There are 2 protein chains.
Amino acid sequence: MTPLQITVDVVTVIFSVDTEAQRLLVLLCMDEPARLPGMPLSGELTLAEQAYQVLATKVQVEHLYLEQLYTFGGPGRDARESPTHRCLCVAYFALVQYQETVLLPGPEPVQWVPFAELPPLAGDHAEIVRYGYQRLRNKLEYSPIAFQVLPELFTLGELYQLYTTILGDNFSDYSNFRARLLKLGFLQDTGQKVCRGAGRPASLYRFDRQAFLPYKDKPMVFI
Amino acid sequence: MTPLQITVDVVTVIFSVDTEAQRLLVLLCMDEPARLPGMPLSGELTLAEQAYQVLATKVQVEHLYLEQLYTFGGPGRDARESPTHRCLCVAYFALVQYQETVLLPGPEPVQWVPFAELPPLAGDHAEIVRYGYQRLRNKLEYSPIAFQVLPELFTLGELYQLYTTILGDNFSDYSNFRARLLKLGFLQDTGQKVCRGAGRPASLYRFDRQAFLPYKDKPMVFI
DNA sequence: GGGATTTTTGGTTAAGATTACTATAATTTA
DNA sequence: TAAATTATAGTAATCTTAACCAAAAATCCC
């Protein structure tokens, strides 16, 4: 019996939100066919560090959220496989701040692609992206990842736009969204006012992590 | 550069609920130290099939729920590791029906251990069990896994006991639990009455999968 | 046998949350 | 300067939740 040879790829589904254009974006390597950024597992890093490495070789960004998504591994999912060689794929999920993200040059150029207009993807990468999108929606509803990728100070309108771009605008109207979020008590009004385009100036808010902590493990719904 | 050799173990955290004794149980291999059932990845099966295989070599059971839990893989998590050898662990989560489960004899005997009285576990298996317990609580609250491990016909009291044993009895009182579950509309009253010990006879209910399906992707809370 | 106990069942009520909607304030745009 | 735009505040009807209460129908146990 020949021992089974195993390859493990770490790929990262990187989302970001262009609130201006109201678009959810996915970072893709524009090969033919397009694929998710990834690299084979190396020896010294944890899986999470590796997933971050994948991200960091493609983009420069300070504010992000990263977590493990799922491990894909049916036999036959990769062309390199054979009876003695198995390929697994540990997928990670990332959300990065769009405005500050810089795409890095490299041998395989990456590009933001609107989630609504995904091209055909290599192997099972389309499935991985769909899985990541579900995770994104769920996380948004019951965890504060939005504040991870918003600037330190933001308006409630900007927060609402982030939510509508990802969830669609039928999850709540703006007025009720505002009331609910403010009631939760972890948004700190700085008192500063800004004008973003037309309309009455808005208050700048800050996410108060201290005030949020009591919500750990308690039911907490944003939408 | 020597190629990295990778071993992948598939382990399964198997929970069940002894409603009589009001105890949540975990299946452990009673080695020294105790550990979760698992086996190295082989060539022909999907990860899920492999996880089921792990389960099926230890217990005989018809009704169960199985899903992927998490992939653990920091370097240094396993004694077999070296600079050229990396061990990953793809963990699965299972919930099985206690009453019908038969522990199978084998070289490494398994045993139900109360979750409240876990012995020291090998490697990072304690972390994996804790992770599984969190998943169990979450799943119970917003998915119908309870019906997967309840007999075809069950009383609302039995359903409530399953919930209290896992979540503690401070999540809802019986009366409100009943009302909420019945309102959801996917519990079919068969009209049959049974007496379980003392007390007024209870109606036997059936989980109506058809009536449940509309809840897919919709918020749905049981507690 | 018969009262105590246990469990199921079916409520009620007050408080809180949600939804849809309205109105007003303060800015930019035309 | 009027119109449009966005932020903010609030209301009222409806629905949900939490904490109870009480009767019904069985077993338990003396």
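What you are looking at is a predicted structure, and each value in this text was computed from that prediction instead of being measured. Order of the sequence lines fixes the chain letters, A, B, ..., with proteins taken first and strands second; residue numbering starts at 1 for each chain.
Contacts between residues 150-158 of chain A and DNA chain C, counted as heavy-atom distances below 4.0 Å, involve no residue at all. Within residues 199-206 of chain B, the residues approaching DNA chain C are B:Gly199, B:Arg200, B:Pro201, B:Ala202, B:Ser203, by heavy-atom distance under 4.0 Å.
Within 6.0 Å of CD in A:Gln188 there are more than 12 heavy atoms belonging to other residues, nucleotides or ligands.
Computed from coordinates, the B:Asn176 CG to C:dA14 C1' distance equals 13 Å when rounded to whole Å. Following rounding to the nearest Å, B:Asp173 (CG) and C:dG10 (P) show an atom-to-atom distance of 16 Å. Between the CZ atom of B:Arg180 and the P atom of D:dA18 there is a distance of 6 Å, rounded to whole Å.
Taking the six-membered ring where the residue is Trp, B:Phe15 and B:Phe93 present tilted rings, their angle falling between 30° and 60°.
Taking the six-membered ring for Trp and the full ring otherwise, A:Tyr160 and A:Phe171 have centroids separated by under 6.0 Å. Under the 6.0 Å cut-off for aromatic ring centres, A:Phe154 and A:Tyr205 do not qualify, their centroids lying 6.0 Å or more apart. For A:Tyr131 and A:Tyr133, the ring centers are positioned 6.0 Å apart or more.
Residue-to-nucleotide proximity on DNA chain C shows that, of A:Cys195 and A:Lys183, the 5′-proximal contact is made by A:Lys183.
Residue-level contact check: B:Arg178 touches the bases, meaning some heavy atom is under 4.0 Å from a base atom.
Using a 4.5 Å cut-off on side-chain heavy atoms (C-beta onward), A:Gln148 and A:Leu64 make no contact.
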Self-check item: Steps toward side chain to side chain contact (heavy atoms under 4.5 Å, CB included) verdict (A:Asp208, A:Leu187)
Solution: CA-CA 6 Å; A:Asp208 182 350; A:Leu187 292 186; over 6 Å; no

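Look at A:Tyr174 and you'll find a side-chain N or O under 4.0 angstrom from OP1 or OP2 of D:dA7.
By the side chain to side chain donor-acceptor pair (under 3.5 Å) test, A:Gln99 pairs with no residue at all, sequence neighbours left out.
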